[in-house]
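Here the structure is laid out as structure tokens; the discussion comes afterwards.
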2 protein chains.
Amino acid sequence: MPDASTTSGTGAATRRDELLAIAAELFAERGFKNTTVRDIADAAGILSGSLYHHFDSKESMVDEILSTFQAALFASYEEVLVSDSDARAKVERMVRLSFEAIDQHHSAVAIFQNDAGYLSAYPRFGYLRDRSTQFREVWMTLLSQGVKEGVLRKDLDATLVYRFIRDTVWVAVRWYRPGGTLSADEVANQYLSILLDGIAS
Amino acid sequence: MPDASTTSGTGAATRRDELLAIAAELFAERGFKNTTVRDIADAAGILSGSLYHHFDSKESMVDEILSTFQAALFASYEEVLVSDSDARAKVERMVRLSFEAIDQHHSAVAIFQNDAGYLSAYPRFGYLRDRSTQFREVWMTLLSQGVKEGVLRKDLDATLVYRFIRDTVWVAVRWYRPGGTLSADEVANQYLSILLDGIAS
DNA sequence: GTCTATACGGTGATAGAC
DNA sequence: GTCTATCACCGTATAGAC
């Protein structure tokens with residue numbers, strides 16, 4: 001992260017940021033391995049060699065995309081977790097935050113969903129694993145609090161519930177399109193309703 | 001599909017089937033694009049060129065893995081759908097079938113989850129799209145029957161419920177391991193319980 | 001059924017001119 | 001900040017010997 005110039009005061013992005021956004025979209029659509037530096041350069045209207053004026057490598061591009069996103073996401077989680085709401089309210093807000101992330105950082109979430117598993121095997125992307133662990137611990141604590149408070153069922157396997165929530169929420173990035181007919185908030189409402197009360201009548 | 005020799009009467013697999021199983025595991029672990037023919041050959045203890053005695057191309061390997069799996073899966077769906085159970089029972093059995101598929105065809109499901117999106121853009125893999133459409137229609141019909149019969153909630157967006165079920169069930173392939181502590185049936189029980197009744201108490 | 005040897009296109013990346 | 005030119009490597013796939 002050479003400089004903190006994501007957006008200037010007028011909302012104009014630097015060339016570097018434009019290129020990173022273009023790369024993120026392509027990575028999200030086709031996968032990281034499946035996107036060539038020439039694809040990125042073509043989409044940006046330049047030649048592949050010119051990309052290396054801005055970035056060390058293709059790998060450092062995903063790295064920056066993912067690490068920036070993760071930092072922002074966990075910062076927003078932190079706000080919820082330190083609040084003094086009850087467990088059920090926290091669960092709801094955490095789920096809503098996730099759908100907001102899908103809405104606002106769509107490419108980064110998609111890349112994370114598709115390529116993180118493979119990438120996190122490399123030392124450079126070890127922080128992805130660390131974040132996953134942190135994420136699981138936060139949720140497991142939250143869920144057991146909910147059971148203790150009597151607002152969540154106690155007859156379910158806690159780890160399974162955690163995976164259920166994690167997967168169902170994030171996998172929505174596969175079909176959710178920002179700016180589509182359904183807003184992130186509407187999706188979150190329905191998902192929470194299903195998650196909390198089920199689909200049976 | 002040159003010959004129908006998946007397993008002989010004694011349970012012995014042909015060399016060709018062995019190689020296909022090895023390829024499937026690697027594709028599932030690392031992704032199709034990310035697995036080289038040399039990786040497959042190495043894992044099989046032969047040289048990459050030798051693979052081409054058995055298969056036309058790397059692409060034809062995934063093709064066979066995916067198409068074989070899809071055919072088997074939809075055949076088992078058919079049995080459930082033509083039965084005269086009520087909608088709720090059918091939903092339950094469809095979900096169970098999916099977890100059984102994850103258990104018994106783990107690699108194929110994983111490949112489908114990770115690479116089908118990208119592959120189905122190619123004409124050769126158009127059948128993946130067709131199957132997805134078929135799958136959606138079957139589920140949408142089933143869900144609207146459930147609402148009509150009064151066993152499923154009618155206040156939810158039907159398409160959203162469909163996506164929720166589809167994603168929830170199949171994404172479990174990411175963490176479920178055949179032969180692990182949890183059986184496919186135990187997972188199905190808990191998932192159905194959450195799906196139908198929710199996690200709130 | 002596997003090996004040796006090899007063709008050939010694509011890929012990430014570099015050096016220096018403009 | 002971008003282009004030209006180019007490299008070394010890795011990828012799939014082939015032909016024919018054993």
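So that the names make sense, note that chain A is the first sequence line, chain B the second, and so on, each numbered from 1.
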Problem set entry | Distance, rounded to the nearest Å, where B/Y52 contributes OH and D/dG11 contributes P | 12 Å
For this session: Report yes if a side-chain nitrogen or oxygen of A/H53 is closer than 4.0 Å to either non-bridging phosphate oxygen (OP1 or OP2) of D/dG1; otherwise report no.
Result: yes
Problem set entry | A/I40 CD1 - D/dT2 P separation (whole Å) | 14 Å
Exercise. Could you state the CG-P distance from B/L26 to D/dG11, rounded to the nearest angstrom?
Worked result: 14 Å
Exercise. Is any side-chain N of the basic residue among A/R96 and A/D185 closer than 4.0 Å to the acidic one's carboxylate O?
Worked result: yes
For this session: Determine, for B/R153 against B/D155, whether the closest basic-nitrogen to carboxylate-oxygen distance falls under 4.0 angstrom.
Result: yes
Exercise. Over how many whole Å does the gap from B/D42 atom CG to C/dT2 atom P extend?
Worked result: 14 Å
Seminar exercise, completed: In whole angstroms, the gap separating C1' of C/dA15 from CG of A/D56 amounts to 16 Å
Exercise. With a cut-off of under 6.0 Å to the ring centre and 45° to the axis, is A/R131 in cation-pi contact with A/F74?
Worked result: yes
Exercise. What's the closest nucleotide to the A/V37 side chain, out of D/dC3, D/dA13, C/dG12?
Worked result: C/dG12
Exercise. What is the nucleic acid contact for A/T35, judged by heavy atoms within less than 4.0 Å: base, sugar-phosphate only, or nothing?
Worked result: sugar-phosphate
Problem set entry | Closest-nucleotide ordering on DNA chain D, the 5'-leading residue of A/G45 and B/S50 | A/G45
Exercise. What's the CZ-P distance between B/F55 and C/dG1, to the nearest Å?
Worked result: 11 Å
Exercise. How close or far is atom C1' of C/dT6 from atom CG of B/L47, stated in whole angstroms?
Worked result: 14 Å
Problem set entry | Presence of donor-acceptor pair under 3.5 Å, side chain of B/R38 and base of D/dG11 | yes
For this session: Answer yes or no: is there an ion pair linking A/R30 with A/E25, defined by an N-O contact shorter than 4.0 Å?
Result: no
For this session: Could you tell me whether B/Y77 and B/F135 have their ring centroids closer than 6.0 angstrom?
Result: yes
Problem set entry | For atom CZ of A/R15 and atom C1' of D/dG1, their distance in whole Å | 8 Å
For this session: Report yes if at least one side-chain N or O of A/H54 is closer than 4.0 Å to OP1 or OP2 of D/dT2; otherwise report no.
Result: yes
